[in-house]
Novice: 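Pasting a structure below so you can have a look.
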Number of protein chains: 2
Amino acid sequence: MSKPLDYENLNENVKKCQYAVRGELYLRASELQKEGKKIIFTNVGNPHALGQKPLTFPRQVIALCQAPFLLDDPNVGLIFPADAIARAKQFLAMTSGGLGAYSDSRGIPGVRKEVAEFIERRDGYPSDPELIFLTDGASKGVMQILNSVIRGPSDGILVPVPQYPLYSASIQLLGGSLVPYFLEETANWGLDINDLRQSVAQARFKGITVRAMVIINPGNPTGQCLSVANLKQIIQFCHQENLVLLGDEVYQQNIYQDERPFISARKVLLDMGPPISKELQLVSFHTVSKGYWGECGQRGGYFEMTNIPPKAVEEIYKVASISLSPNVPGQIFMGLMVNPPKPGDISYDQYVRESKGILESLRRRAHMMTDGFNSCRNVVCAMYSFPQIRLPPRAIEAANKLGKAPDVLYCLRLLEATGISTVPGSDIELDYHGDEDATDPGEKIVNPPWYVVGRVFTDKFINPKSLSDAMGKAWRLGEGMAVRELENNVFIF
Amino acid sequence: MSKPLDYENLNENVKKCQYAVRGELYLRASELQKEGKKIIFTNVGNPHALGQKPLTFPRQVIALCQAPFLLDDPNVGLIFPADAIARAKQFLAMTSGGLGAYSDSRGIPGVRKEVAEFIERRDGYPSDPELIFLTDGASKGVMQILNSVIRGPSDGILVPVPQYPLYSASIQLLGGSLVPYFLEETANWGLDINDLRQSVAQARFKGITVRAMVIINPGNPTGQCLSVANLKQIIQFCHQENLVLLGDEVYQQNIYQDERPFISARKVLLDMGPPISKELQLVSFHTVSKGYWGECGQRGGYFEMTNIPPKAVEEIYKVASISLSPNVPGQIFMGLMVNPPKPGDISYDQYVRESKGILESLRRRAHMMTDGFNSCRNVVCAMYSFPQIRLPPRAIEAANKLGKAPDVLYCLRLLEATGISTVPGSDIELDYHGDEDATDPGEKIVNPPWYVVGRVFTDKFINPKSLSDAMGKAWRLGEGMAVRELENNVFIF
């Protein structure tokens with residue numbers, strides 16, 4: 001007799017959901033690693049795992065918060081600077097019971113106030129700490145809000161394609177419907193409002209009420225920064241269609257160009273003035289995991305709500321309280337990120353030197369990869385383009401025989417040949433290359449270009465030319481596949 | 001027009017779920033605190049918030065892990081002992097990238113190995129690290145497993161009454177059905193298998209398939225330790241009824257008596273031998289938040305799966321991976337808890353002294369409260385009994401007029417009068433004192449005794465006699481209520 005936790009008896013939404021970033025490729029890479037092979041994990045943004053050093057000041061402060069007894073140690077000044085000691089005392093005074101006590105389920109009030117002040121400095125409009133909830137990384141916040149929005153399979157969420165798979169996985173897990181909209185590679189991965197309208201109309205035709213729209217800005221994995229004009233259009237569109245706008249803005253520090261700075265959805269909304277600025281519902285997400293912080297393992301994040309009525313905020317609070325509180329050290333990191341050392345502080349120079357150094361290194365490496373690829377035969381790429389690779393018919397044939405998507409097979413071969421663990425593009429494009437999906441405008445792509453997602457973090461990373469060679473080699477392994485038609489073969493990080 | 005995140009449009013399961021521990025009482029207490037009133041929060045076990053000191057050694061190790069640059073500082077030995085330094089190095093070597101990097105979504109393999117060794121030492125049977133998942137506190141683990149089990153409203157979960165409200169709230173949020181079974185106060189809060197059978201039969205009659213059974217051992221809030229005989233009966237019952245057994249064993253360190261030690265469900269199961277030991281599906285939960293650790297804010301926990309087939313484990317792994325990884329500092333705490341300093345280590349004596357001190361203080365205070373209450377007129381209580389208070393008719397009348405459960409009103413008055421924030425018993429008894437609930441055998445209680453839950457953590461806590469007085473005073477405030485029929489009025493922590 002089959003048992004409750006046998007595969008066939010599990011919650012169907014659990015079985016249905018796919019999580020590409022840690023899917024088949026990741027599992028195979030982990031196996032190879034266990035077998036002793038050196039694997040470079042580029043499947044998920046995890047910079048410290050690839051050698052990015054943590055900023056010193058926040059680590060000093062958190063160490064002191066964890067070991068408050070050090071604050072009374074006469075020798076503490078020998079290894080900690082005075083401003084880190086002062087900041088640790090300040091944080092401990094904000095808690096009742098230090099890092100070992102549950103905080104309020106929304107997070108420590110003092111830290112939420114620091115976040116509100118950061119938002120005000122960034123956007124030029126005041127922000128209310130009561131509408132800011134700290135979370136265990138941005139992912140948990142996104143899931144919490146989607147859980148409030150999604151009532152069943154007829155509730156749709158507009159998600160950009162290509163997307164970050166958190167969205168497809170969460171929507172599947174919560175039993176809602178993903179409604180894709182397409183970012184245009186030829187338009188610098190911007191979005192066309194007419195396409196958006198069409199996506200909503202198609203969904204409606206299938207009986208789906210679209211209730212929310214996700215934007216990822218700066219884009220993941222596409223890297224684009226949305227223009228103010230584009231953001232305005234999006235906001236107007238959401239207002240007309242009565243959608244809540246979910247602004248995933250976790251990459252706001254990762255800007256590697258000067259032409260188009262990051263501008264938050266909230267700033268654009270408030271700049272537009274009433275009535276829309278008082279009506280459109282917006283939830284914005286941020287994290288300590290990205291940018292020059294890259295503190296993924298600490299799981300710090302927040303979301304800020306705009307125009308969400310108090311009664312709904314209370315319900316979101318109630319659900320947050322079931323897990324008691326986000327981890328407190330992660331909350332402290334968020335406080336430190338939004339309120340770092342100031343000019344005149346002892347640690348200011350070091351903090352600026354370190355954060356600039358990391359950002360410049362990220363920027364330099366992004367350029368290096370682009371230039372490197374562009375210098376390769378049969379490879380072209382534009383800055384911030386989402387990487388694309390055209391696969392030869394025999395490769396596609398071989399993949400079909402194995403019942404795998406061609407890019408999945410490609411990535412597996414790349415992994416075996418080079419130890420580089422990536423994410424196949426089809427995994428994050430909602431399988432619109434093949435699967436019949438209720439909300440799948442499959443006709444959009446006739447000759448699909450296949451995409452591969454990876455990320456580069458360290459200078460030690462394999463250089464672009466040898467990577468390009470390795471990618472070719474990957475196809476030459478087994479099954480008699482040959483690399484042909486490699487025109488426009490792009491692999492960017 | 002109403003908007004997607006207006007109250008009326010939220011997911012019904014979000015609105016339906018009640019979370020007593022941070023419900024009306026907690027919100028009112030928070031308001032009072034904001035107004036400047038000193039509040040003693042006993043609504044949730046949060047010992048550090050009430051003055052319990054963290055153990056020194058784990059805090060030293062985590063501080064060093066957070067600030068790895070200190071390991072090269074020539075002065076580090078002045079403020080950190082050598083074994084903390086060695087342990088920090090050992091943990092850092094287990095990670096790839098330190099505390100700022102995402103770990104595997106199941107947790108750091110090295111820590112899971114330490115957990116497996118702890119389980120083996122405790123139970124006498126080997127444990128497989130691949131079947132241990134680290135989580136952000138036990139709550140997140142419980143929700144993850146319930147999410148896999150619950151497919152819809154006709155899936156039932158057996159939950160003890162009185163219960164810890166995590167279960168009712170999570171089951172409501174996930175859209176399943178809670179099937180209560182009753183712990184018997186007169187039988188030391190043990191459970192009667194015949195009652196259990198009846199609960200399952202009643203649920204079946206209503207079209208509900210019971211799929212899992214939760215046991216909380218040691219009990220929360222009842223404090224009992226289940227006997228081996230009782231655990232055997234439970235295991236046999238689950239086997240017969242084809243239920244997965246969920247063993248919430250987070251209080252395994254909180255034993256204040258010597259007669260009945262904690263024994264894990266897993267040990268009893270494996271002692272029973274095949275076939276049952278190879279068949280019954282069991283998931284056991286543990287945490288760093290309880291016992292003499294009390295590191296609630298760090299959010300460290302794990303669950304261990306027994307007899308769950310690999311294909312189902314994979315699905316649970318996949319869902320865990322959507323949130324990338326549990327917070328890494330919390331994982332280190334778990335490693336430290338299951339593998340603390342050993343005899344001969346520099347920090348061993350200090351560790352033993354501190355942990356014994358906390359445990360003895362908890363035990364002493366539990367006895368003090370019991371003895372104190374028993375010495376009061378009209379108050380009796382037995383060790384580990386769940387606190388019970390009989391309310392006078394006029395109090396119940398007054399509550400009815402306000403549309404509140406009598407014990408909710410009582411607790412609100414207690415809060416206003418004394419600043420002590422508790423949890424009304426009716427909140428954690430599934431409202432079986434009134435609400436019509438599909439799975440509600442309301443007839444069980446004719447003259448409901450009302451319960452109040454609180455917890456005591458510090459020696460500074462209000463003494464039992466004055467608390468008892470305060471409780472009486474609470475009823476004398478406003479609405480002209482008088483304290484009568486206080487027979488068997490019990491308020492234990």
Novice: Roughly how far, to the nearest 0.5 Å, is the CZ atom of Phe333(B) from the CG atom of Leu99(A)?
Specialist: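 Going from the CG atom of Leu99(A) to the CZ atom of Phe333(B) covers 8.0 Å.
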Novice: Heavy-atom distance under 4.5 Å to chain B: side chain of Leu70(A), backbone, both or neither?
Specialist: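 Just its side chain gets close to chain B.
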Novice: With a 4.5 angstrom heavy-atom cut-off, which part of Pro326(A) approaches chain B: side chain, backbone, both or neither?
Specialist: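 Looking at Pro326(A), just its backbone touches chain B.
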Novice: Does any heavy atom of chain B fall under 4.5 Å from the side chain of Met143(A), the backbone, both, or neither of them?
Specialist: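 Contact with chain B: side chain only.
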Novice: To the nearest 0.5 Å, what is the distance between CG (Asn13(A)) and CG (Leu174(B))?
Specialist: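 If we round to the nearest 0.5 Å, Asn13(A):CG and Leu174(B):CG are 10.5 Å apart.
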Novice: For Asn9(A), which atoms come within 4.5 Å of any heavy atom of chain B: side chain, backbone, both, or neither?
Specialist: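 Looking at Asn9(A), backbone and side chain both touch chain B.
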Novice: Out of Gln60(B), Glu295(B), Lys311(B), which one racks up the most heavy-atom pairs below 4.5 Å with chain A?
Specialist: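 Maximum pair count with chain A is reached by Lys311(B).
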Novice: Counting heavy-atom pairs closer than 4.5 Å to chain A, which one of Val76(B), Val283(B), Thr56(B), Leu243(B) comes out on top?
Specialist: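 Greatest number of close heavy-atom pairs with chain A: Thr56(B).
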Novice: Below 4.5 Å, heavy-atom pairs only: which of Gln298(A), Lys140(A), Gln331(A) has the largest tally toward chain B?
Specialist: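 Maximum pair count with chain B is reached by Gln298(A).
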Novice: Non-hydrogen atoms of chain A under 4.5 Å away: do they reach the side chain of Lys15(B), the backbone, both or neither?
Specialist: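 Contact with chain A is through both the backbone and side chain of Lys15(B).
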Novice: Is there a side-chain contact between Ser96(B) and His48(A) in this structure, where contact means two heavy atoms from C-beta onward sitting under 4.5 Å apart?
Specialist: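 When only atoms from C-beta onward are counted, His48(A) and Ser96(B) do not touch, as no gap falls below 4.5 Å.
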Novice: Once you round to the nearest 0.5 Å, how far does OG of Ser321(B) lie from CG of Leu166(A)?
Specialist: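 Here the interatomic distance stands at 10.5 Å.
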Novice: Of the backbone (N, CA, C, O) and the side chain (C-beta and beyond), which part of Leu10(A) lies under 4.5 Å from a heavy atom of chain B, both, or neither?
Specialist: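 It is both, since atoms from each part get that close.
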Novice: Most heavy-atom pairs under 4.5 angstrom with chain A, which of Pro74(B), Pro329(B), Ala49(B), Ala101(B)?
Specialist: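 Heavy-atom pair counts peak at Ala101(B).
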Novice: Enter the distance from Cys296(B):SG to Asn327(A):CG here, rounded to the nearest 0.5 Å.
Specialist: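 Between atom SG of Cys296(B) and atom CG of Asn327(A) there are 13.0 Å.
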Novice: Mind listing the closest non-hydrogen atom pair of Asn46(B) and Tyr102(A) along with its distance?
Specialist: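 Result for this residue pair: OD1-N, 2.8 Å.
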Novice: Side chains of Ser170(A) and Ile322(B): does their closest heavy-atom pair fall under 4.5 Å?
Specialist: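 Counting from C-beta outward, Ser170(A) and Ile322(B) do come under 4.5 Å.
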Novice: For a 4.5 angstrom cut-off between non-hydrogen side-chain atoms, does Phe80(A) reach Ile79(B)?
Specialist: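 Heavy-atom side-chain distance check passes, below 4.5 Å.
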Novice: Would you mind checking which part of Asp73(B) comes under 4.5 Å of any heavy atom in chain A, side chain (CB onward), backbone (N, CA, C, O), both or neither?
Specialist: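 Just the side chain, heavy atoms under 4.5 Å.
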Novice: So which of Glu8(B), Glu279(B), Glu314(B), Glu12(B) has the biggest tally of heavy-atom pairs under 4.5 Å with chain A?
Specialist: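 Answer, by heavy-atom pair count under 4.5 Å with chain A: Glu279(B).
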Novice: Evaluate the criterion side-chain hydrogen bond (donor to acceptor under 3.5 Å, both in side chains) for residue pair Asn11(A) and Glu315(B); output intermediate values, then yes/no.
Specialist: CA-CA 10 Å; Asn11(A) 177 350; Glu315(B) 294 297 306; over 6 Å; no
Novice: Are the side chain of Lys3(A) and the backbone of Asn242(B) linked by a donor-acceptor contact shorter than 3.5 Å?
Specialist: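 It does not hold such a pair.
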Novice: Counting heavy-atom pairs closer than 4.5 Å to chain A, which one of Lys53(B), Met1(B), Arg151(B), Gln66(B) comes out on top?
Specialist: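 The answer is Gln66(B).
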Novice: With respect to chain A, which residue among Gly294(B), Gly100(B), Gly97(B), Pro54(B) yields the maximal number of heavy-atom pairs within a distance under 4.5 Å?
Specialist: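 Answer, by heavy-atom pair count under 4.5 Å with chain A: Gly100(B).
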Novice: Has Arg299(A) got a side-chain atom pairing as donor or acceptor with Val328(B)'s backbone, closer than 3.5 angstrom?
Specialist: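 Looks like no, no N/O pair under 3.5 Å.
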Novice: Can you tell me how far apart OG (Ser148(A)) and OH (Tyr7(B)) are? Round to the nearest 0.5 Å.
Specialist: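 Going from the OG atom of Ser148(A) to the OH atom of Tyr7(B) covers 12.0 Å.
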Novice: When rounded to the nearest 0.5 angstrom, what distance separates CD1 in Ile62(B) from CD1 in Ile62(A)?
Specialist: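 That separation rounds to 9.5 Å.
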Novice: Decide yes or no on side-chain contact (heavy atoms from CB on, under 4.5 Å) for Leu324(B) and Ser139(A), but give the supporting numbers first.
Specialist: CA-CA 8 Å; Leu324(B) 295 160; Ser139(A) 311; 4.0 Å; yes
Novice: So what's closer than 4.5 Å to chain A heavy atoms on Val319(B): side chain, backbone, both or neither?
Specialist: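 Side chain of Val319(B) only, per the 4.5 Å heavy-atom cut-off to chain A.
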Novice: Quick one: closest heavy-atom pair of Asp6(A) and Pro309(B), and the distance?
Specialist: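 Of all heavy-atom pairs spanning Asp6(A) and Pro309(B), the closest is OD1-CG, 3.2 Å.
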